[in-house]
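Worksheet for the structure shown next.
Remember, it's 1-based here, ligands and their atoms both numbered in the order they're listed. Just so it is clear, the values below take in all heavy atoms, side chains as well, and ignore hydrogens, waters and symmetry mates.
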Amino acid sequence: MEDLLFEQFPPTPPGTEDQLKKAVILQHNWAYDDSADYVPSSIRNRIPHHLKTDGKLYLRRGTEGFMYRTSLNHKWGVVIFIIKSMVIHGVDFLPLSQKIATSQPLQSTAFPPPINYANHGNSMDAFIHAIWFTLRSRIPDLQALTPGFDFVGLFFGPDFLHNIQTILRGFVPDARRVFKDGNFSLDDILNIPKLTSTWAPTGSIIYIRLYHKEDRASYGSAIYVGQTIQLQKRHSQHNTETLTSRARHYQIARQFTLEERHMIPICIWEDDIPFHVLTMAEQTVVLLLNSYMTFTNDTLSPTNSFYPFFQRIQFMRRLVQDLQQRLPWAPNITLTGLNVETPLISTRTFRYISAIPGLQFVESAQTFTRYRTPIAFSRKDNCACVYRLSMRDGVNKIRVSISIPEADVNSMQIPNNGFLIFEIMDNGQPHPNPWIRCPAVGPFEDFIQASALGIRFEWYNENQNTWLSTTVHKFGSPGMVQIAAKENNIRLPMSIWLSAIYIIQALEGIVYSDYQPNQGFYKRLTFGSVHVKQLQTDHLKQTYQWIHRPEILRPFPKIATWQYNFSLMVKRFSSLSTFIPHEPVNHLADINRYNPAGDNKPLRVQFRTKCDFCILSSTPHHLPCIPDNSSPYGQVCMICSLFNRPCSFTRPAELIELWGQETPTLHPKTPLSLYPTGPHRFLAFYLVRSQGVREVQEPREKALGLFQDQQMAILDEDTDDD
Ligand SMILES: [Zn+2]
Ligand SMILES: [Zn+2]
């Protein structure tokens, strides 16, 4: 069960159907013994044993349930789990279909635009304020123009004024100087500094492409407004497309030589600004310079595929014309507009990743938050399925490959289209089928958190009319330790570890409060124009809504000290079977002296000379365990030293037991499993066996109003920034 958004009230024992149906929440932690005498016989001893600890069910404060019966004196109530005096009362149960009807997206209240724009000091600032206050008063019109438009809260919500301020401070000084009085010419715009081979600003940028010939008699000049986080690259992309694309923008661009195609940054933010503010800024500049394409008469027909674009453009043009009559904004430019999209209500902003938090019922249960997004794998005939997840930190694009091996693709008949599911454990502990399995002890504190991420792929099988799912894992985790040994640095294992950390950060919206550059981390990561929408339920009111997943502040990852890692190794792995030297010791002699069994038999030197990490990373080849004589921490091997952790030594027979010995094995001569399942699997990087195909329920989101039209919502591999 993923949530309590039922269509029908949960089944209750016979004879109770006509009684009350009330949503309730547990107010205190509670232990419940369903074998007690006072429990009605109809529900006595019904709770499965695996949910109980010492014969009792432990329920957490906040657990949601439904009450369906009360005693005559109203002193007792029967809830799905609990007793009346322990709960908070809500409204009567509502079926899901009614919840959908009442769970409409964010507010769309109209605000009257302020009348006096004169306080803004200059025409440009006044005009921009006027644009946004007017748009805010016309939210219902925007929603009518683009069905599904639901970013109202982001654009016009509590940050509305801050968003406008952010846009205003982005204008480069020369653009501000040109625009501020509202009566500029084409020559003025051409005087704003352009991208050149020696000047390429970085950051989030709103640019114009200005196509202009000195001899204006032969061709009219044309303008296009876009946004990018890589100005130079975007410039090259435009030039490449100009050669090949059949889009009208490029057909016109082709009439100009390279030197006549100017890339002019209008707004630059060197700090990272949210994507939706960048979109608002793009819309602002489109309206300031009236860069919309003019449509021909046949576009006016509602059957034309451009008609929705045309409608949005008409709406925006009228809005600007109306404002121009009231405000001193009269640019003296006649340019051919090339923008077709209306950024604010463009369809490209409707891609999202859904997030459904796990339900915590029982104290002992481990829950995860599940993220889902439609994707299309790229694949060339019968090869592995590969999907490159694209993230951004405001300046850089960060790509992480997620793939399914060719053998699995063939044996499971995996199609290209489906849903990618990310599951992140709520307690930060390892997922049962993690995407990468990393050791518990490594260069950063809480190193194991990268294993809290599990990934699955789900697809619809038309022939069987079923939804199928398989687990997805990163390959090559153990082998990379061998590469690290060879290169004498842990760049490769860390890059794999970081890729899981990046995905977790972007999904959970983690922003590091005390960010430090050059450590391999990003302050914040997003999926560009793709937003994460989180299911928020109000159990007591029996409602739900999809909200924009808020960002959360977290402290910057801490480098693990030797002492931290030593304590962690001892805590997790030290036992009579596993020895963790804690002081400078002579490599062989001292380890051989160690004999926890106290039987005075010497340990097997041959096996003993290798530490666990080196043994467990011996795939595909044996890894030599060489003492690191330069380490200030005494006895530690080269590999463990690279990871800043002590070596551990486990008796051979026990290591096999504590790690696992199922075939296939790490190495032909080693009875240690390639897919370990024992507690010592947290000593090293290791592989996870694919779980095969299993049938799953239809995506919950479909019932909750998301991903109705899968094609529309496909998460692009590489979201275009134009
Ligand atoms: Zn070693
Ligand atoms: Zn070692």
- Item | Over-ring placement of Arg681 relative to Tyr686, 6.0 Å and 45° cut-offs | no

- Worked check of side-chain contact (heavy atoms from CB on, under 4.5 Å) between Trp269 and Leu278: CA-CA 9 Å; Trp269 298 264; Leu278 194 61; 3.6 Å; yes

- Query: So, does Asn644 use its side chain to make a donor-acceptor pair with the main chain of Asn565 at under 3.5 Å?
  - Reply: no

- Check: His621 main-chain N/O paired with Gln482 side-chain donor or acceptor under 3.5 Å: yes

Quick one: side chains of residues 497-510, donor-acceptor pairs under 3.5 Å with protein atoms, not counting sequence neighbours, listed by atom name and distance.
unit_1 : atom_1 : unit_2 : atom_2 : d
Trp497 : NE1    : Phe447 : O      : 2.8
Ser499 : OG     : Ile496 : O      : 2.7
Tyr502 : OH     : Gly520 : O      : 2.4
Gln505 : NE2    : Ile510 : O      : 3.1
Gln505 : NE2    : Tyr522 : O      : 2.9
Gln505 : NE2    : Lys523 : O      : 3.1

- Message: Pair Phe457, Phe377 - check ring-ring contact (aromatic ring centres under 6.0 Å, His included), show working.
- Response: CA-CA 10 Å; Phe457 182 66; Phe377 278 118; 4.6 Å; yes

- Task: Under 2.8 Å from the Zn ion (ligand 2), which protein N, O or S atoms are there? Could you list them by chain and number?
- Result: Cys611 SG, Cys637 SG, Cys640 SG, Cys647 SG

